[in-house]
Structures are given as structure tokens and as C-alpha cells.
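Hydrogens, waters and symmetry mates are skipped; everything else that's a heavy atom, side chains included, is used.
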Amino acid sequence: MKLSVLSDFKQDTHSINTPCDTLGVDVQLAELQWPVLVCYQGDDELVYIADEAAWLAYCDEAPTLIAGEDKLIDASGQLYHMIESDGQLVLFATNRIFLFAELLALVRKNACLVQQSCSAKIDANTYRQLIHIVYDLNRVESL
């Protein structure tokens with residue numbers, strides 16, 4: 001599985017099929033603020049990804065999971081759109097910050113999904129804290 005990170009969300013054949021090797025994937029991945037969350041379109045499940053190594057492992061299975069409006073949100077709140085093209089996972093930087101209140105609502109829905117009561121009490125001050133809450137919720141679910 002290859003990964004490309006592109007700066008503009010333009011769905012043209014040139015930008016989608018650009019090989020990650022020519023984009024300098026290591027530099028691009030370094031631009032993400034870790035950890036990150038993957039938000040699947042139409043699903044309350046959130047996927048916590050801690051770092052670049054976990055991301056690369058995720059990329060090995062991700063194309064079978066990716067749909068048109070799936071998103072990645074990094075610890076700074078930066079929003080990326082995710083698509084699969086020819087076995088390559090492509091992230092498009094939107095240059096937009098995901099609304100904190102929306103992410104909080106998604107984290108609360110995810111808490112309900114993993115059957116954690118009192119999801120209304122979930123709160124945080126930063127994107128990074130919200131992302132770590134998802135990690136904690138998923139860890140509790142697997143115990």
C-alpha cells in the first residue's frame with residue numbers, strides 16, 4: 001500500500017495517481033500532527049492511529065475500508081479527505097480545521113458505540129485530548 005498526501009482537495013487524475021515516492025511521503029507524513037483519527041462516512045466508529053508506524057500498518061488494510069467521504073483528523077484539528085485510487089491511499093489536505101464541537105460530538109457517539117455510559121460527560125480542551133479519549137475508550141472496550 002502506498003500513501004500520498006496532497007495539499008489541495010482536487011480530484012483530477014494527475015493528483016490522484018501521483019506516486020508517493022515522488023511526493024516525499026516521509027516528509028508529508030511528518031507534517032501530520034500525531035495521533036490522528038480516521039472517521040468513516042456514515043459510521044460512528046473512530047479509528048485511533050498513534051504514529052507513522054501505526055499509519056503504515058493501517059494502510060496495508062485500509063483500501064478495502066475507504067469510501068468517498070472518509071476523513072482523517074490530526075491532533076491539530078487539520079482535516080484531510082481520504083480516497084483509495086489504484087491500491088493507493090491518498091490524503092488530501094483541505095486546509096480546514098475540523099470544528100472542535102463536531103469532533104466532540106463524534107467522540108461521544110463513538111463512546112456510545114463502545115457502550116460507555118455517560119458519554120455526555122466526555123469533554124476535553126484540545127483536539128489531542130479528544131483523540132486520546134478515543135484511544136482510552138477503545139482500550140477499555142478490548143479489555
Side-chain angles (χ1 to χ4, degrees), residues 1-12 15-21 23-143:
M1 166 55 59
K2 291 189 171 194
L3 165 74
S4 293
V5 180
L6 303 173
S7 60
D8 293 312
F9 185 58
K10 296 178 184 172
Q11 291 192 351
D12 60 53
S15 63
I16 291 174
N17 295 316
T18 303
C20 67
D21 298 337
L23 289 174
V25 70
D26 293 332
V27 173
Q28 300 292 342
L29 284 177
E31 292 176 14
L32 295 175
Q33 299 296 311
W34 302 97
V36 299
L37 286 179
V38 173
C39 307
Y40 296 118
Q41 175 186 4
D43 193 344
D44 292 336
E45 177 186 11
L46 299 174
V47 177
Y48 171 89
I49 301 176
D51 53 27
E52 289 182 41
W55 173 255
L56 294 174
Y58 173 81
C59 286
D60 286 338
E61 63 186 53
T64 60
L65 305 172
I66 301 303
E69 294 295 320
D70 293 340
K71 301 175 201 56
L72 180 139
I73 303 165
D74 76 7
S76 70
Q78 176 64 48
L79 175 64
Y80 298 83
H81 288 282
M82 301 170 49
I83 66 163
E84 181 275 327
S85 177
D86 297 326
Q88 180 177 355
L89 182 59
V90 182
L91 293 179
F92 290 99
T94 64
N95 297 319
R96 291 192 336 240
I97 300 297
F98 198 79
L99 292 175
F100 189 81
E102 281 187 52
L103 185 56
L104 178 59
L106 288 174
V107 171
R108 288 177 176 168
K109 286 181 183 179
N110 185 73
C112 291
L113 182 71
V114 297
Q115 300 178 354
Q116 294 298 314
S117 61
C118 301
S119 63
K121 292 183 180 180
I122 292 175
D123 202 6
N125 294 318
T126 67
Y127 289 96
R128 187 176 308 275
Q129 289 173 345
L130 279 176
I131 292 171
H132 280 290
I133 288 170
V134 172
Y135 169 77
D136 290 337
L137 289 170
N138 292 336
R139 195 177 64 184
V140 168
E141 178 190 29
S142 66
L143 293 179

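Aromatic rings of Y127 and F100 (six-membered ring for Trp) have centroids within the 6.0 Å cut-off, being under it.
Between atom CG of residue L56 and atom CD1 of residue I49 there is a gap of 10.0 Å, rounded to the nearest 0.5 Å. In this structure, the separation between CG on D43 and CG on L113 is 7.0 Å, given to the nearest 0.5 Å. From L72, atom CG reaches atom CZ of F98 across 11.0 Å, with rounding to the nearest 0.5 Å. Interatomic distance, SG of C59 versus CD of E52, reported as 11.0 Å (0.5 Å rounding). Within the model, atoms NZ of K109 and CG of L104 stand 11.5 Å from one another, a figure rounded to the nearest 0.5 Å.
Side-chain contact between H132 and Y48 is present, with heavy atoms from C-beta onward closer than 4.5 Å. Side-chain contact between W34 and D74 is absent, with no heavy atoms from C-beta onward closer than 4.5 Å. Taking 4.5 Å as the limit, some side-chain heavy atom of Q33 sits within range of a side-chain heavy atom of R128. Proximity of D44 to N110: side-chain heavy atoms (C-beta onward) are nowhere separated by under 4.5 Å. Counting only heavy atoms from C-beta outward, the side chains of L91 and H81 never approach each other to under 4.5 Å. Side-chain contact between I73 and V36 is absent, with no heavy atoms from C-beta onward closer than 4.5 Å. Using a 4.5 Å heavy-atom cutoff, the side chains of L137 and L46 are not in contact.
Between I97 and S76 the shortest heavy-atom distance is CD1-O, 4.0 Å. In this structure, A111 and I122 approach most closely via the heavy-atom pair CB-CD1, 3.5 Å.
Under a 3.5 Å cut-off, the side chain of E102 and the backbone N or O of L99 do not form any donor-acceptor pair. The closest donor-acceptor contact from the side chain of D70 to the backbone of Q41 lies under 3.5 Å.
Just one residue in the list L79, L106, T94 forms a side chain to side chain contact (heavy atoms under 4.5 Å, CB included) with K71, and that residue is L79.
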